[in-house]
There are 2 protein chains.
Amino acid sequence: MNQLSCFVQSCNEAEGGDSAVSSTKPVADATPKTARGRRTRQNILDAAEKEFGERGFHEAAINRITESAGVAMGTFYVHFESKESIFRALVSHMGQLTRRWIAERVADAPDRLTAERLGLEAFIEFVRQHRDLYRIVNESQFVAPDAYHEYYSEFAKSYQRRLREAAAKGEISQGDDEQRAWSLIGISVFLGMRYGVWDDSRPASEVAKGAADFIEFGLKPEAR
Amino acid sequence: MNQLSCFVQSCNEAEGGDSAVSSTKPVADATPKTARGRRTRQNILDAAEKEFGERGFHEAAINRITESAGVAMGTFYVHFESKESIFRALVSHMGQLTRRWIAERVADAPDRLTAERLGLEAFIEFVRQHRDLYRIVNESQFVAPDAYHEYYSEFAKSYQRRLREAAAKGEISQGDDEQRAWSLIGISVFLGMRYGVWDDSRPASEVAKGAADFIEFGLKPEAR
DNA sequence: ACAAAACATGATAACTGGTTCATGTATCAA
DNA sequence: TTGATACATGAACCAGTTATCATGTTTTGT
């Protein structure tokens, strides 16, 4: 049920900025050294995902997380510096998970336009499978604005690059790729919300098909 | 500086659903009966807008709101039922303010495609002028999900209608107007965030122009 | 086997901030 | 003027939190 396996390697960058300060104090937020530690850390992470996803950052309670993880309060702070810190770890992990999932599903698309459709379909499916995590990312806008900013900037950057390449190959028109990247992200996010989170009755492929048509031809009449 | 004049008439719908229960207790959240009351209420509202906008819902403090409004803590609860209640009032007001602003700027567009461009330009300008209020709407997703849902559903509904009319007139192509409406909203919101909130160095008209091109022609090469 | 390091505990300190309420004061209708 | 209603006050209440720390237990390397 929980998709947070293979988390361990991805959590150090959270506090990465000023980590040159290697204090002699216990370094929370770092990968544990023993198997027991890793197990515990993972349990806390899983519990946190559930708690944050269900209640949101502010309503979420550390004591509920630790209880649900089957450890004592203090243990939380052995592994994480603070409530915000574990939240950031979750957000950062989400970015990777999402990108990886979409990348896989898009890998063998013959061209950019097909990739757009498959990518959107994959995204909607992903959202449906991870409503909680989707919420976490959205809420990071207020809890950890820089994490949120980075999350989408990362997306936009690679998006932009692929658009540029596709334009060079003539697969798509020329245009302002930065703007187009953000537009496409906006489309995904809102369709993901509308047809992924709020109402999952329409097949993802159908939504993706309709959107792909809009993305390809725009609103111009008689364009095809 | 503050755009919350003409607020009074719009705040009753917040608790409107089950208001048949006309208790004998002081009805907070209703329009005050005397001039003094209206003045005070407005002061609180203005202060709340600033406070919520700057700090976000959870960091915002009632005592700072009342202090900034020049009234005592208790006075807040004479006029509003709770912290969440005033927040909802603000969100609902934002919807009207935004729609009105855009509607004005789009009123005399000759066709739908032009309206799209002008509307986006107006929206970006609006966001730049009202960063605080924009933030309030976004955060409502977590504080008052139903208010958020209604906010965008309202937008989508009227958007959809206009697309349908435009398609009937042949100004734009046929398509799934619900999906297209949500896509267009997504574009606006993300461009608004990227070029309105995060970076306002590019002229709104330029952003709108680029986006309008994408909206009109899509990514298809050689379409024009 | 033994010390050192890593990990775990959980009661509680220390605090925050929304909401209440008993008690006023202003306003208005008659 | 007077009674009733509307509005205002702000100290105190209170529930709920995060984070700490002194003390244990497990694991690891030698």
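Letters A, B, ... mirror the listed sequences (proteins, then strands); counts begin at 1.
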Which of these nucleotides, [options], is closest to any side-chain atom of [X]?
X: B:Val71; options: D:dT9, D:dT28, D:dT18; answer: D:dT9
X: B:Met73; options: C:dA11, D:dG10, C:dT9; answer: D:dG10
X: A:Asn63; options: D:dC7, C:dC7, D:dT17; answer: D:dT17
X: A:Ile62; options: C:dG18, C:dA8, D:dT18; answer: D:dT18

Atom [atom1] of [X] and atom [atom2] of [N]: how far apart are they, to the nearest Å?
X: A:Ile44; N: D:dT18; atom1: CD1; atom2: P; value: 14 Å
X: A:Phe80; N: C:dC7; atom1: CZ; atom2: P; value: 12 Å
X: A:Phe76; N: D:dC21; atom1: CZ; atom2: P; value: 17 Å
X: A:Arg38; N: C:dA6; atom1: CZ; atom2: C1'; value: 12 Å
X: A:Lys33; N: C:dA4; atom1: NZ; atom2: P; value: 18 Å
X: B:Arg36; N: C:dT25; atom1: CZ; atom2: C1'; value: 7 Å
X: B:Glu67; N: C:dG18; atom1: CD; atom2: C1'; value: 16 Å
X: B:Ile65; N: C:dG18; atom1: CD1; atom2: P; value: 8 Å

Quick check on [N]: is either OP1 or OP2 less than 4.0 Å from any side-chain nitrogen or oxygen of [X]?
X: B:Thr40; N: D:dC7; value: no
X: B:Tyr77; N: C:dT19; value: yes
X: A:His79; N: C:dA8; value: yes
X: A:Thr34; N: C:dA6; value: no

*Only one of A:Thr98, A:Val189, A:Val197 passes side chain to side chain contact (heavy atoms under 4.5 Å, CB included) with A:Val127; say which it is.*
A:Val197

*Pairwise 5' ranking along DNA chain D for A:His58 and B:Gly70, keeping only the more 5' one*: B:Gly70

*Give one of base, sugar-phosphate or nothing for A:Ala60, where a contact means two heavy atoms less than 4.0 Å apart.*
sugar-phosphate

*Closest approach of B:Arg105 to B:Glu121 (non-hydrogen atoms, all atoms of both residues)*: NH2-OE2, 3.8 Å

*Does the side chain of B:Glu67 pick up a donor-acceptor pair with the side chain of B:Asn63 at under 3.5 Å?*
no

*Is it true that the side chains of B:Tyr195 and A:Glu178 contain a donor and an acceptor less than 3.5 Å apart?*
yes

*asked:* Need to verify one output field. Residue with the more 5' nearest nucleotide on DNA chain C, B:Ala35 or B:Arg64?
replied: B:Arg64

*Separation between CZ of B:Arg194 and OG of A:Ser153, rounded to the nearest 0.5 Å*: 7.5 Å

